Participant: 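Provided herewith is a single structure, encoded as structure tokens, for subsequent inquiry.
From a predicted model like this one, the values you see are computed outputs, not experimental measurements. For ligands, and for the atoms within them, numbers begin at 1 and follow the listed sequence. Just so you know, residue 1 is the first one in the sequence shown, and it goes up from there.
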Amino acid sequence: MDMTSIDKTGTFPLGSRTVKRLGYGAMQLAGPGVFGPPKDRGAALAVLREAVASGVDHIDTSDFYGPHITNQIIREALAPYPDDLTIVTKIGARRGEDAAWLPAFSAEALTQAVHDNLRNLGLDVLDVVNLRIMFKTEGPAEGSIEEPLTVLAELQRQGLVRHIGLSNVTAAQVAQARTITPIACVQNMYNIAHRQDDALIDDLARDGIAYVPFFPLGGFTPLQSSTLSAVASRLDATPMQVALAWLLRRSPNILLIPGTSSLAHLRDNLAAAELELPDDALALLDDVAA
Ligand SMILES: NC(=O)c1ccc[n+]([C@@H]2O[C@H](COP(=O)([O-])OP(=O)(O)OC[C@H]3O[C@@H](n4cnc5c(N)ncnc54)[C@H](OP(=O)(O)O)[C@@H]3O)[C@@H](O)[C@H]2O)c1
């Protein structure tokens, strides 16, 4: 049988499994502002089902998307889950009634969040749980993460969580965490235009730890760059496909979770697995951040 397109990206260890490097991020499946139900629930179910039918075996989510709604849609679309599907969720935040993103780091809040994820996803144990640090909402900020991480490690010891990851963290926090418990993955903002984590990615690659960039396409303000557009038109691809192909080339430990609520965009994003970037295009793209 022919390899499906996304197999071309290769694999990398994530928690108990080895996953394909092109996955799917579910945040866009909630309503506007990641709050409330989607306009078209049927379309959200279809995106998830097509992602998995196309070979995606890694989905990123959180119970605070919606809240609750994104996980409920994942469960409706995909349960009983395929054996090879890794669902990664995150805890550490809650939503205000006005849709605000608020820190939720007490032992009680973290425990509640793990149980919310279990219930809404319909699971007995969560594959990977990222502790999402909220010292600042936007971007990492220094400070000890020992207390909340110790709570999550205890939930792991109780058998509710298989593997622990970190999100929105500094390199110092990753180092601190690794003295407390093994870390399966780090999820920070990173893309072709935002490369603050270049050194961290290389360090994690050396240690066999996955790096999962959020906002790989720029997030709420999708990437725009004349270089990206020029390279895309030369390669008969879209700028978003070039941005994803660049991340796949950047480091073997990078796992992609582009988010979309659209079947057409899902297909475009998965097709990025087929895109090979010539060295001269790569040289141009490396300048986008500058
Ligand atoms: N740890 C954290 O703090 C954190 C923060 C944010 C996100 N995340 C995770 O990371 C995942 C990815 O981030 P994200 O979804 O926010 O941002 P993203 O993947 O960078 O971009 C998503 C945006 O790009 C659009 N888009 C997607 N594919 C496209 C395509 N092929 N052509 C044109 N536009 C396209 C989407 O709109 P359409 O729906 O119209 O396609 C959406 O507006 C999320 O799903 C979530 O799981 C984690």
Side-chain angles (χ1 to χ4, degrees), residues 22-35 38-40 43-44 46-48 50-51 56 58-67 69-71 73-74 86-95 101-104 113 117 121 128-141 165-169 173 185-194 197 210-225 228-229 232 237-247 254-275:
L22 194 36
Y24 173 73
M27 188 175 92
Q28 304 296 336
L29 296 181
V34 200
F35 204 65
K39 251 196 288 217
D40 184 348
V47 166
L48 285 162
E50 177 154 331
V56 165
H58 167 206
I59 293 177
D60 188 82
T61 185
S62 174
D63 211 66
F64 51 69
Y65 297 159
I69 289 163
T70 299
N71 279 348
I73 292 173
I74 291 174
T86 296
I87 299 179
V88 179
T89 189
K90 62 188 79 69
I91 63 174
R94 66 181 176 86
R95 307 301 295 278
W101 303 83
L102 306 167
N117 276 283
L121 288 168
V128 183
V129 175
N130 287 328
L131 181 65
R132 208 291 185 185
I133 301 302
M134 298 280 293
F135 295 159
K136 268 187 355 196
T137 312
E138 286 177 24
L166 301 171
S167 179
N168 201 39
V169 284
Q173 288 163 338
C185 51
V186 173
Q187 181 175 117
N188 277 359
M189 179 175 174
Y190 182 83
N191 59 45
I192 195 168
H194 289 92
D197 272 352
Y211 182 90
V212 188
F214 76 76
F215 294 166
L217 301 174
F220 296 109
T221 42
L223 292 167
Q224 277 191 308
S225 134
L228 211 48
S229 299
T238 70
M240 295 310 190
Q241 289 174 323
V242 174
L244 294 175
W246 179 85
L247 283 167
I254 290 187
L255 300 177
L256 298 186
I257 50 163
T260 182
S261 56
S262 134
L263 274 176
H265 287 166
L266 174 73
R267 290 172 190 149
D268 281 355
N269 295 344
L270 297 183
E274 305 267 5
L275 186 62

Participant: Taking the minimum heavy-atom distance to atom 8 (N) of ligand 1, which of Phe215, Phe214, Phe220 ranks first?
Facilitator: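 Minimum heavy-atom distance to atom 8 (N) of ligand 1 goes to Phe214.
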Participant: For ligand 1, which atoms, with element, lie under 4.0 Å from some heavy atom of Pro258?
Facilitator: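 Numbered from 1, ligand 1 contributes 19 (O).
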Participant: Return the residue, atom name and 0.1 Å-rounded distance of the protein heavy atom closest to atom 9 (C) of ligand 1.
Facilitator: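 Looking at atom 9 (C) of ligand 1, the protein heavy atom closest to it is Asp60 OD2, 3.6 Å.
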Participant: Going by the closest heavy atom to atom 15 (O) of ligand 1, which one wins out of Met27, Gln28, Met240?
Facilitator: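 It is Gln28 whose heavy atom sits nearest to atom 15 (O) of ligand 1.
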Participant: Please verify whether a non-hydrogen atom of Tyr65 lies at under 4.0 Å from ligand 1.
Facilitator: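 The answer is yes: ligand 1 sits under 4.0 Å from a heavy atom of Tyr65.
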Participant: Taking distance alone, with N or O pairs closer than 3.5 Å, would you say Pro213 contacts ligand 1?
Facilitator: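 No - when backbone and side-chain N and O of Pro213 are compared with those of ligand 1, no distance drops under 3.5 Å.
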Participant: Mind checking the CD-CG spacing from Gln187 to Asp197? Nearest 0.5 Å is all I need.
Facilitator: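 Interatomic distance, Gln187 CD to Asp197 CG, rounded to 0.5 Å: 11.5 Å.
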Participant: Would Ser262 count as a polar contact of ligand 1, with the cut-off being nitrogen or oxygen pairs under 3.5 Å?
Facilitator: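 There is no such contact.
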Participant: What is the closest protein heavy atom to atom 3 (O) of ligand 1, and at what distance does it sit?
Facilitator: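 The protein heavy atom lying closest is Arg132 NE, 2.8 Å.
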Participant: Starting from atom 20 (O) of ligand 1, find the nearest protein heavy-atom neighbour and note its residue, name and distance.
Facilitator: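 The answer is Leu217 N, 2.6 Å.
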Participant: To which protein heavy atom is atom 12 (C) of ligand 1 closest, and what is the distance rounded to 0.1 Å?
Facilitator: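 For atom 12 (C) of ligand 1, the nearest protein heavy atom is Ile257 O, 3.1 Å.
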Participant: Are side-chain N/O atoms of His194 and Asn191 paired as donor and acceptor at under 3.5 Å?
Facilitator: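 There is such a pair (donor and acceptor under 3.5 Å, judged by atom type) between the side chains of His194 and Asn191.
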Participant: What atoms in ligand 1 come closer than 4.0 Å to a heavy atom of Lys90?
Facilitator: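 This gives 1 (N), 48 (C) as the contact atoms.
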Participant: For Ala51 versus Leu266, what's the shortest heavy-atom pair and its separation?
Facilitator: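 For Ala51 and Leu266, the tightest heavy-atom pair comes out as N-CD2, 3.6 Å.
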Participant: Any nitrogen or oxygen of Gly25, side chain or backbone, less than 3.5 Å from one on ligand 1?
Facilitator: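 The answer is yes, given that Gly25 and ligand 1 share an N or O pair closer than 3.5 Å.
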Participant: Under 4.0 Å from any heavy atom of Gly218, which atoms of ligand 1 are there?
Facilitator: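 So the atoms of ligand 1 that pass are 20 (O).
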Participant: Quick one: does any side-chain atom of Arg132 pair with a main-chain N or O of Ser167 as donor and acceptor, under 3.5 Å?
Facilitator: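 No: the side chain of Arg132 does not pair with the backbone of Ser167.
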Participant: Name the closest protein heavy atom to atom 37 (O) of ligand 1, giving the residue it belongs to and the distance to 0.1 Å.
Facilitator: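 Checking every protein heavy atom, the shortest distance to atom 37 (O) of ligand 1 gives His265 ND1, 4.4 Å.
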Participant: Going by the order shown, which atoms of ligand 1 are within less than 4.0 Å of some heavy atom of Ser167?
Facilitator: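 The atoms of ligand 1 under 4.0 Å from a heavy atom of Ser167 are 1 (N), 2 (C), 3 (O).
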Participant: Please report which non-hydrogen protein atom sits nearest to atom 48 (C) of ligand 1, along with the residue it belongs to and the distance in Å to one decimal place.
Facilitator: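 Of every protein heavy atom, Gln187 OE1, 3.0 Å lies nearest to atom 48 (C) of ligand 1.
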Participant: Of the options Leu48, Thr89, Thr86, Ile257, which is the one that meets Ile59 in a side chain to side chain contact (heavy atoms under 4.5 Å, CB included)?
Facilitator: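 Result for side chain to side chain contact (heavy atoms under 4.5 Å, CB included) with Ile59: Leu48.
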Participant: Which of the atoms in ligand 1, numbered in the order shown and given with their element, are less than 4.0 Å from a heavy-atom of Ala26?
Facilitator: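 Once the distances to Ala26 are compared, the set is 45 (O), 47 (O).
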Participant: Can you list the atoms of ligand 1 that are under 4.0 Å from a heavy atom of Asp268?
Facilitator: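 Those of ligand 1 that fall under 4.0 Å from Asp268 are 31 (N).
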Participant: Could you establish whether Asn269 and ligand 1 come within less than 4.0 Å of each other, counting only heavy atoms on the residue side?
Facilitator: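 It does, in that a heavy atom of Asn269 comes within the 4.0 Å cut-off of ligand 1.
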Participant: Over 60° means perpendicular and under 30° means parallel, so tell me whether Trp246 and Tyr190 are parallel, tilted or perpendicular.
Facilitator: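 Ring orientation of Trp246 relative to Tyr190: parallel.
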Participant: So for ligand 1, is Gly219 a polar contact partner (N or O within less than 3.5 Å, distance only)?
Facilitator: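 Yes; at least one N/O pair falls below 3.5 Å.
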Participant: Where does Gln241 meet ligand 1, judged by heavy-atom distances below 4.0 Å: at the side chain, the backbone, both, or neither?
Facilitator: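 Neither; no heavy atom under 4.0 Å.
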Participant: Which bit of Met189 gets closer than 4.0 Å to ligand 1, counting heavy atoms only: side chain, backbone, both or neither?
Facilitator: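 Neither; nothing of Met189 gets under 4.0 Å from ligand 1.
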Participant: If you measure from OG1 on Thr260 to CD on Gln28, what distance do you get to the nearest 0.5 Å?
Facilitator: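 Output value for this atom pair is 7.0 Å.
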Participant: Side chain to side chain contact (heavy atoms under 4.5 Å, CB included) with Val88: which of Leu255, Asp60, Val212, Thr61?
Facilitator: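 Only one option passes, and that is Asp60.
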Participant: Return the closest protein heavy atom for atom 36 (C) of ligand 1 as residue, atom name and distance.
Facilitator: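 The answer is Gly259 O, 3.6 Å.
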Participant: Any idea which heavy atoms bring Gly23 and Pro258 closest together, and the distance?
Facilitator: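 Scanning both residues completely, I find the closest heavy atoms to be O-CD, 3.6 Å.
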Participant: Counting only N and O atoms by type, is there a donor-acceptor contact under 3.5 Å from the side chain of Glu274 to the main-chain atoms of Ala271?
Facilitator: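 Answer holds: no.
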Participant: Does only the side chain of Ser261 get under 4.0 Å from ligand 1, or the backbone, or both, or neither? Count heavy atoms.
Facilitator: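 Within the 4.0 Å criterion, Ser261 contacts ligand 1 through backbone and side-chain atoms alike.
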Participant: For Ser62, which part has a heavy atom under 4.0 Å from ligand 1: side chain, backbone, both, or neither?
Facilitator: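 None of Ser62 does.
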